[in-house]
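Just so you know, ligand 1 is whichever comes first in the structure, and atom 1 is the first atom listed for that ligand. In what follows, residues are counted from 1 in the order of the sequence shown. Only heavy atoms go into these numbers, but all of them, side chains included; no hydrogens, no water, no symmetry mates.
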Amino acid sequence: MNVATDILPRFKFDNSFARSLDGFFVPWQATQVAAPRLWLLNHDLARELGLDPAELESALGAAIFSGNVVPPGATPLAQAYAGHQFGGFSPKLGDGRALLLGEIVDVNNRRRDIQLKGSGPTPFSRNGDGKAALGPVLREYLIGEAMHALGVPTTRALAAVTTGEIVHRETPLPGAVLTRVAASHIRVGTFQYFAARGEADRTKQLADYVIARHYPDAGQAQNPYLALFEAVVGAQAFLVARWMSIGFIHGVMNTDNMTISGETIDYGPCAFMDAYSPGTVFSSIDSHGRYAYANQPPIAKWNLARLAETLIPLINDNTERSIEILTEAINAFSDKYNGYWIAAMRAKLGLTMQEDSDWDLTNDLLSMMEEAGADFTGTFRRLSRAILGDDTSVVDAIAFKSWMRRWRARLQQEGRAPEVVATEMDRVNPIYIPRNHKVEEALSAAVERGNMAPFSHLLNLVSRPFDEVAGNEAFTQPAPASPIPYQTFCGT
Ligand code: AMP
Ligand code: MG
């Protein structure tokens, strides 16, 4: 579509990826769509990006976020990457239905990617149609915003548009495009792309770019590539510990879905667990539970080992020595992860000091919760009521009373007033998460009936997940018991 550029909203693009990494992408254009309509615009995020939300709440906004109009300064491109999917290596994946428009340095001086997802086929589409359906687009929008509000590093949603076209999945569905904002879309799989072809100079070029963009401190280290790797290990250990602390299951932790920045990416079959059970899997295609809740830390470490393999030629001239050094750095994941995890769990229990016994205290609570089938989110939220005196119906287990005594004694050791502890706990233990049945209700109202009210209501609640809002008890409860286990689907 040709539009006079002087009437277009100003995106201050500064496209370092396109400038610096020739060969890592294919310049490409979105497929024109019939009738774009803006369904959601993230005003706060738009302002963060230096954009004017009022200007984007228009037909022009819909045209831009559908890909029909390329804003001035954008250099749309499809990124190349490879990846291990469920353990098997695919040398060529890439953006099969996404386009990077460019980067904006935001008002906080952070460089952010602006990407369209669902904008039509690219040279990386293989057998896919390059499209996205409204339900999964809204799902990614909602869960990403919830994660952000929960303090978890994540890509975010700037806009959702429908295209006025039908996409064909098992049934015909309304087509949609998500505009996604990320620290970058560089993945473990991006490193694997050239490394798998033995092109170490290309891997080095990418590593240099990533150091400059994400981990400038590593550039000052004695061995910058090792420092880069250690930084990514730390970022991923932090991220996965955060997931575990809120009962989040990503569902498809392939190496092409693991960012180098340490942000959560690609909300496909992800979901939050209700009843605490370490083996929980929601994804319909994860039949062996590779990406089950409790497997997430070891899988993150496995994925990092795949990243390490790509860096072998950069670490030391002696391959054996390189492998030794990287192995040590991979093995550091466990300690880093454990450190972040116990810190998150201490905060959930209102503890500020560090005692070795905190490990047993936490694990004993979790074992009790598992046996009782206790709701993960609800249990932690109720614990703050328990220290204020109401310890009924926190966990339905005989051992709970004696656990409570241990926890109280541990809290007394810190000597803080129960009211203070309870208030702090309520700032880390959410009351509202995107409960699976509530997400499904909101998505079917939107997709089947064009009614966005339930979605907007849920989005509001999960955007302030720690603040109780009267009249929303139904959003604090796990799904009613069902004979059919909850399942989520990929290929969105
Ligand atoms: P995902 O599992 O969504 O992270 O995607 C894995 C790979 O499949 C990536 O290369 C995607 O670009 C590609 N892909 C997923 N869905 C589609 C689609 N509908 N059309 C084209 N490529 C797709
Ligand atoms: Mg992906």
Side-chain angles (χ1 to χ4, degrees), residues 24-26 28-31 33 67 76-100 113 115-141 143-144 154-155 157 163 165-178 180-193 196 236 239 249-261 263-271 281-287 290-291 299-300 303 306-307 488-492:
F24 286 82
F25 61 87
V26 179
W28 204 251
Q29 298 292 324
T31 303
V33 302
L77 59 87
Q79 292 182 322
Y81 51 86
H84 276 88
Q85 300 181 303
F86 291 91
F89 186 64
S90 298
K92 193 176 171 194
L93 293 170
D95 288 336
R97 53 160 171 177
L99 287 179
L100 177 66
D113 271 11
Q115 192 204 55
L116 302 180
K117 182 170 174 185
S119 51
T122 76
F124 302 105
S125 296
R126 292 166 293 153
N127 298 320
D129 60 2
K131 306 278 173 68
L134 180 59
V137 162
L138 293 179
R139 198 166 196 280
E140 175 154 356
Y141 195 117
I143 300 189
T154 178
T155 64
T163 58
E165 296 178 1
I166 296 297
V167 300
H168 299 278
R169 297 293 179 257
E170 268 126 56
T171 53
L173 295 166
V177 179
L178 178 78
R180 179 158 81 175
V181 175
S184 85
H185 285 83
I186 299 167
R187 310 141 193 267
V188 170
T190 317
F191 278 83
Q192 293 180 289
Y193 188 73
Q236 284 293 335
L239 179 66
I249 303 165
H250 182 282
V252 60
M253 287 177 72
N254 294 331
T255 58
D256 54 306
N257 290 337
M258 188 191 241
T259 59
I260 296 299
S261 69
E263 283 183 345
T264 314
I265 194 170
D266 276 3
Y267 294 96
C270 63
V281 176
F282 292 117
S283 169
S284 59
I285 58 168
D286 191 3
S287 42
R290 179 180 171 91
Y291 300 139
I299 282 290
N303 287 349
R306 306 290 76 76
L307 175 62
T488 54
F489 299 89
C490 251
T492 49

Inset, instruction - Determine, step by step, whether Q85 and D256 satisfy the side-chain contact (heavy atoms from CB on, under 4.5 Å) criterion, reporting the C-alpha distance in whole Å, the side-chain angles of both residues, the deciding distance to 0.1 Å, and the verdict. - result: CA-CA 8 Å; Q85 300 181 303; D256 54 306; 3.9 Å; yes
Give a yes or no on whether the backbone of [Y] and the side-chain of [X] come within a donor-acceptor separation of less than 3.5 Å.
| X | Y | value |
| --- | --- | --- |
| D286 | V281 | no |
| N257 | V252 | yes |
| E263 | A183 | yes |
| Q236 | T259 | yes |
| R97 | K117 | no |
| T122 | D95 | yes |

Find all atoms of ligand 1 within a distance of less than 4.0 Å from any non-hydrogen atom belonging to [X], and give their numbers and elements.
| X | result |
| --- | --- |
| R126 | 7 (C), 8 (O), 9 (C), 10 (O), 13 (C) |
| R169 | 19 (N) |
| G94 | 9 (C), 10 (O), 11 (C), 12 (O) |
| Y81 | 9 (C), 10 (O), 12 (O) |
| G130 | 18 (C), 19 (N), 20 (N), 21 (C) |

Would you say [X] contacts ligand 1, with heavy atoms under 4.0 Å as the rule?
| X | answer |
| --- | --- |
| N257 | yes |
| R187 | no |
| G268 | no |

Would [X] count as being in polar contact with ligand 1, using the rule that some N or O on each side must be under 3.5 angstrom apart?
| X | result |
| --- | --- |
| G96 | yes |
| Q85 | no |
| F124 | no |
| V252 | no |
| D95 | no |

Inset, instruction - Check whether any N, O or S atom of N254 sits under 2.8 Å from the Mg ion (ligand 2). - result: no
Inset, instruction - Name whichever N, O or S atom of D266 ends up nearest to the Mg ion (ligand 2). - result: OD2
Inset, instruction - Taking atom types as modelled, find out whether T155 and Y267 have a side-chain donor-acceptor pair closer than 3.5 angstrom. - result: no
Legend entry - Non-hydrogen side-chain atoms of L77 and V26 separated by less than 4.5 Å: no
Legend entry - Smallest separation among heavy atoms of T488 and A271, with atom names: CG2-CB, 4.3 Å
